[in-house]
4 protein chains.
Amino acid sequence: MTDRRTSIGNSRNPETHAAILDAAHELLAEHGYAGVSMEAVARRAGAGKPTLYRWWPSKTALLIELYEREKTRALAEIPDLGSAQKELVALIKGVHRFWRKTPAGQAFRSIIAEAQADDAALRSLRDEFLPRGRATATVILDRAQARGEIAPDADRELLLDVLFGFSWYRLLTHRLRDDTGAVERLVAALLAAAKAGGSLAGD
Amino acid sequence: MTDRRTSIGNSRNPETHAAILDAAHELLAEHGYAGVSMEAVARRAGAGKPTLYRWWPSKTALLIELYEREKTRALAEIPDLGSAQKELVALIKGVHRFWRKTPAGQAFRSIIAEAQADDAALRSLRDEFLPRGRATATVILDRAQARGEIAPDADRELLLDVLFGFSWYRLLTHRLRDDTGAVERLVAALLAAAKAGGSLAGD
Amino acid sequence: MTDRRTSIGNSRNPETHAAILDAAHELLAEHGYAGVSMEAVARRAGAGKPTLYRWWPSKTALLIELYEREKTRALAEIPDLGSAQKELVALIKGVHRFWRKTPAGQAFRSIIAEAQADDAALRSLRDEFLPRGRATATVILDRAQARGEIAPDADRELLLDVLFGFSWYRLLTHRLRDDTGAVERLVAALLAAAKAGGSLAGD
Amino acid sequence: MTDRRTSIGNSRNPETHAAILDAAHELLAEHGYAGVSMEAVARRAGAGKPTLYRWWPSKTALLIELYEREKTRALAEIPDLGSAQKELVALIKGVHRFWRKTPAGQAFRSIIAEAQADDAALRSLRDEFLPRGRATATVILDRAQARGEIAPDADRELLLDVLFGFSWYRLLTHRLRDDTGAVERLVAALLAAAKAGGSLAGD
DNA sequence: GGATAACCGAGACGGTACGTCCGGTCTTTGG
DNA sequence: CCAAAGACCGGACGTACCGTCTCGGTTATCC
């Protein structure tokens, strides 16, 4: 891990860049959130701290980039499965699996935790990071609305808040595993309400 | 016979105890989570750091006690309002209001954040702290089941995970305010499913 | 060591007194000067800290009493051996042996060290403690003067400063052992000068 | 070829280094040994505590460097004055004056005191620090032996132990001032014995 | 013989200092 | 010009003692 890299002059060194993300990845896997400090990442990556700060203004930014690198590796789009129920369940369960199987869950927990201490991090999380994650869900809901599975005036934002809120809650209390059909039943209940256009419909 | 208990040694000074919680309260209100360090709390309370550590093994423990002090001051039980819909909405909206109006919201965000960095804190949060908060909801659900508003085999734990997950999500993304009937509609959707005994019923 | 003692009314409890000195003795023997804190002594003696401070205003005072207790146990007067040379050598070597064989050496090193940080301790060391130790030497010098072994105008204070200075130096640099006749030769040199009434005579 | 040594990274800041020693110097002069804490030195020097610990592993190390800085400023070598008597008196009196006039005396007292609580400090004091101080005396004794003022087999180590022991004793009991020819007479007595080759001769 | 006063163990308290870790910034060296 | 390395300040961490204080309780002594 600490193979001797050296400066390559006045352009960004991609090896260094990857080494830093790898170091963060390993630390996250080995010691969890508490083990990831800019200091420790720099040490393990064999990089100087200013190098980290040049590219990522904060630990959160580093973690976000790490998370997204993992995501593109592990999380595919959800194809048309014929029903919103199947697609949403596939989406949520896929996210849960991704959080469980890779350090991404750790990274995500860390990002949320950091955002509670730092307003800028919170805004970046809410306004840039989360919308990217909801894009996949939006595609599914578009298809559902086209199929008539949910009412035209359904409160889609609320529906997603509930689904992601539930997921966050399980992630943050480390209870991602106890899943005996809970996701299926939750999605069914929400879709039923969204279809009726009554209770989950916008005002 | 008389009480033969003989406490020995000096006993905890309640003024100091209160001064420390007050100091934490103020720091939380003024500077948010990042402003609360054991050092700063001790300084403002005019207490020694060892005094803090004598009573609270960690910052999390201090924040939890602060949170519960605020809660007993601000949050009453939910009386029988005639329907589970009304009672659950009152509960959730009460919690949201409590989080918005007092530093308790800050405290709670901090507790969740700390738990992501510290396994012991997470266990204490999940296994001791949260169940206390869910007790009020349990009473409401008991009444609802007695009224026949939800099926006998409804998955009450899932229902609460969804309600609290939604609340956490809004709290942690600092979006507790944009509430135009969302809570009412969510509760209605969940209760509809729980009554049918179908989708939100246990397996 | 922590046999349960209790108050014996409004007079000093000699058992407690002894237990405290014993505890200090043991700590000194086990961990040296650094291991002797009022806290640790109280803990090991099973006594309260205020009890220590009631009788000894400082750690130095406690160490001095400990030292003198040891001294009366281990260090006898020097009888008339016929010559000042023999008697002074017996005195100095006795002191060195006492310092080496018991925790008294540790105690004495501690007393000297404490006095460098605390003016009151220094005064008490210099004006009360040391004169007591020089009393034995004074008796020897009186006899020597009566025998005519040292000139009437010899600078006795200087002679003792040299002898004790040499001893302190060896004690404080932990070189009390490497003694191959050094004390004998030093005493002989000083007595020769003191007899001549020339170089070691007062002004 | 050019010097191919390439140190990388920022280098030690000499201003900071001096500021720390100055701060220690002032604290020593103002409050004595007890006033010198790493904390206080860092505070006054406007330096971070880790900076102190980076360069000096302990307070003793800092004090030693301070002492030696003062010494090179204040204490010159002893030139050939024609007789060992004059040279040794000049040496000892110079050291006493140095201890009296500058905070160096305080520093030296502190170093000795620290060494009583810390074995490593004691070894460093005895095996590195003191020999440096005795080097000047060794030069004088070499000259004296060349002149025939002291016997070839004289126990030079003992002679120095006595001279320095006497000096320490006076320093540590804060009696450096009462000097009415005492040093002269002591040196004379020791040189007389060392010349005779009898009493102060080696075994 | 009852009050009282000094003692006792225990331990909480406000403080100070310890030695370490980390967050960000600045400076030096070299590609 | 910019990357790498690392020194720097500042500050929080959790711990050990300091010396003082306040307890509940005991017992010898004095009124």
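Keep in mind that the numbers below use all heavy atoms, side chains included, and drop hydrogens, waters and symmetry copies. Here is how names work: the chains are called A, B, and so on, in the same order as the sequence lines, proteins then strands, and each is numbered from 1.
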For [X] and [N], give me the distance from atom [atom1] to atom [atom2], rounded to whole Å.
X      : N       : atom1 : atom2 : result
N10(B) : dC23(F) : CG    : C1'   : 5 Å
R44(C) : dG9(E)  : CZ    : C1'   : 18 Å
Y33(C) : dC17(F) : OH    : P     : 13 Å
E15(D) : dC26(E) : CD    : P     : 16 Å
N13(C) : dT27(F) : CG    : P     : 11 Å
L52(A) : dT25(E) : CG    : P     : 13 Å
H17(B) : dG11(E) : NE2   : P     : 19 Å
L62(A) : dG23(E) : CG    : P     : 11 Å

Got a list of side-chain donor-acceptor pairs under 3.5 Å for residues 121-128 of chain C, not counting sequence neighbours?
residue	atom	partner	partner atom	Å
R126(C)	NH1	T173(D)	O	3.0
R126(C)	NH1	H174(D)	O	3.4

**Request:** Run the salt-bridge test on K59(D) and D118(D) with the 4.0 Å N-O cut-off and return the result as yes or no.
**Result:** no
**E39(C)/R44(C) salt bridge by N-O under 4.0 Å criterion** = no
**Message:** Can you see whether W56(B) has R12(B) sitting over its ring - NZ or CZ less than 6.0 Å from the centre and within 45° of the normal?
**Reply:** yes
Taking OP1 and OP2 of [N], is either one under 4.0 Å from a side-chain nitrogen or oxygen of [X]?
X      : N       : value
W55(B) : dA12(E) : no
T51(B) : dA12(E) : no
R54(A) : dC2(F)  : no
T16(C) : dG9(E)  : yes
R43(C) : dA10(E) : no

Taking only the side-chain heavy atoms of [X] (C-beta and beyond), determine which of [options] contains the nearest atom.
X      : options                   : result
A47(C) : dG9(E), dT20(E), dG23(E)  : dG9(E)
P50(D) : dC22(E), dG11(E), dA16(F) : dC22(E)
Y53(B) : dC18(E), dC21(F), dG14(F) : dG14(F)

**Item:** Along DNA chain E (nearest heavy atom to each residue), the more 5'-positioned of R12(B) and E39(D)
**Value:**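 By nearest-heavy-atom nucleotide position, the 5'-most residue is R12(B).
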**Message:** Heavy-atom nearest nucleotide on DNA chain E for P57(D) versus P57(A): which residue maps closer to 5'?
**Reply:**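 The residue mapped nearer the 5' terminus is P57(D).
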**Item:** K49(A) (side chain) and dG6(F) (base): donor-acceptor pair under 3.5 Å
**Value:** no
**Fill in**
Between A34(C) and G48(D), the residue closer to the 5' end of DNA chain F by nearest nucleotide is G48(D)
**Request:** Could you tell me whether a side-chain N or O of T51(A) sits under 3.5 Å from a main-chain N or O of A47(A), the two making a donor and an acceptor?
**Result:**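 Absent.
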**Request:** Using only heavy-atom distances, determine whether the side chains of H17(B) and E65(B) contain a donor-acceptor pair under 3.5 Å.
**Result:**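 Yes, a side-chain donor-acceptor pair sits under 3.5 Å.
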**Request:** Give one of base, sugar-phosphate or nothing for W56(D), where a contact means two heavy atoms less than 4.0 Å apart.
**Result:** nothing
